Amino acid sequence: MAVISERFDDLGRDGAPARLGIMGGTFDPIHIGHLACAEQAREAFGLDGVLFVPAGNPVFKKDRAVTPAGMRLAMCRLAVASNPAFDVSAVEVERGGDTYTVDTLRQLRAHYPGNVELFFITGADAVYHILQWRESAAIADLARLIAVTRPGYALSEERRALIAERGSFSIDHLEVTALAISSSHLRERVAAGRSIRYLTMQSVFDYVREHGLYRSAGPQAAEGGA
Ligand code: ATP
Ligand code: MG
């Protein structure tokens, strides 16, 4: 049984320097915005792979019913199946309890040898609140942070300066193709009976349809923004 993920458990075992990207999120559902960000971060930072880590019980999303973790995990697996540089890890889902990035990074750091450098990839909207993350200073010691641009969420110079000053870490900012889509947007479209085809991988589109996900507006549509 894989500890972290099928494809990347042995990364760095040969002693050669390696770089692993980590993308955390709720992925409810995963969409092309997530995939393109991961791909462009992989390219820009010479990452050997990117691991998608769906949150078990996302702390910032308690205001709506999140799709069961097993299904979010399954959709991520379908989405990355065709790309050997991507994989999915169930560590947060299996850990149970509330999901904190610092716990995940500690678990990954403990698993990989020192020659594997970790890069945590996050969108500008998530980085904006980074100072509120649990043990944000510890996160900086565990991984390098890549903040990718996201339409609608500009990080002002003032905010960047505040983050750099208050949190003892540096962030690499990476401009990626602007894709103004979110999982909320996909859920809202399905609830309204509209198509999400091409906004996610075909396999995920099929899964959503087969399992009847997101059809009822219910508590899922209550969130509003991204
Ligand atoms: P929701 O609308 O449910 O919040 P989301 O699309 O924001 O969904 P998340 O699972 O919350 O997806 O996000 C996971 C990570 O991906 C976050 O770091 C987020 O900033 C980033 N991200 C998601 N969509 C984009 C996008 N279109 N461009 C850049 N970053 C993105
Ligand atoms: Mg989000």
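Every number for a ligand or one of its atoms is a count from 1 in the order of the listing. Side chains included, hydrogens not; waters and symmetry mates left out as well; all remaining heavy atoms used. Computed from a predicted structure; not experimentally measured.
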**Q.** Close approach of His185 to ligand 1, heavy atoms, under 4.0 angstrom
**A.**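 Flag not set, His185 not near ligand 1.
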(Q) Is Asp28 close enough to touch ligand 1? Criterion: a residue heavy atom under 4.0 Å from a ligand atom. (A)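 No; Asp28 lies far enough from ligand 1 that no heavy-atom distance drops under 4.0 Å.
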[atom]: which of [options] has the nearest heavy atom?
{"atom": "atom 15 (C) of ligand 1", "options": "Ala55, Ala126, Gly24, Gly33", "value": "Gly24"}
{"atom": "atom 25 (C) of ligand 1", "options": "His34, Arg150, Glu188, Met23", "value": "Arg150"}
{"atom": "atom 3 (O) of ligand 1", "options": "Arg187, Arg72, His31", "value": "Arg187"}

At under 4.0 Å between heavy atoms, is it the side chain or the backbone of [X] that contacts ligand 1, or both, or neither?
{"X": "Asp125", "result": "side chain"}
{"X": "Cys37", "result": "side chain"}
{"X": "Thr149", "result": "backbone"}

Q. Is the shortest distance from a Lys or Arg side-chain nitrogen in Asp125 or Arg150 to a carboxylate oxygen in the other one below 4.0 Å?
A.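 Salt bridge flag = yes for Arg150 with Asp125.
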Q) Under 30°, 30 to 60°, or over 60°: which ring-plane class applies to Phe27 and Phe52, parallel, tilted or perpendicular? A) perpendicular
Could you list which atoms of ligand 1 come closer than 4.0 Å to a heavy atom of [X]?
{"X": "Ser183", "result": "1 (P), 2 (O), 3 (O), 5 (P), 6 (O), 8 (O), 12 (O)"}
{"X": "Ile181", "result": "24 (N), 27 (N)"}
{"X": "Ser184", "result": "1 (P), 2 (O), 3 (O)"}
{"X": "Thr26", "result": "10 (O)"}
{"X": "Thr122", "result": "18 (O)"}
{"X": "Ser182", "result": "2 (O), 6 (O)"}
{"X": "Gly25", "result": "10 (O), 14 (C)"}

Q: May I ask you to check whether Gly123 has an N/O atom sitting below 3.5 Å from an N/O atom of ligand 1?
A: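 Yes - when backbone and side-chain N and O of Gly123 are compared with those of ligand 1, one distance drops under 3.5 Å.
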**Q.** Backbone of Arg7 reached by a side-chain donor or acceptor of Asp87 within 3.5 Å
**A.** yes
**Q.** Donor-acceptor under 3.5 Å (Thr99 side chain, Gly56 main chain)
**A.**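 Flag set: sc Thr99 to bb Gly56 pair under 3.5 Å.
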With distance as the sole criterion, is a donor-acceptor pair present between the side chains of [X] and [Y] under 3.5 Å?
{"X": "Asp28", "Y": "Ser183", "result": "no"}
{"X": "Arg95", "Y": "Thr104", "result": "yes"}
{"X": "Gln202", "Y": "Asp206", "result": "yes"}
{"X": "Ser156", "Y": "Arg159", "result": "no"}

Q) Is the number of heavy atoms from other residues, nucleotides or ligands within 6.0 Å of CD (Gln132) greater than 12? A) yes
Q | Test item: Pro29 and Leu186 side chains (from C-beta on) under 4.5 Å apart, heavy atoms | A | yes
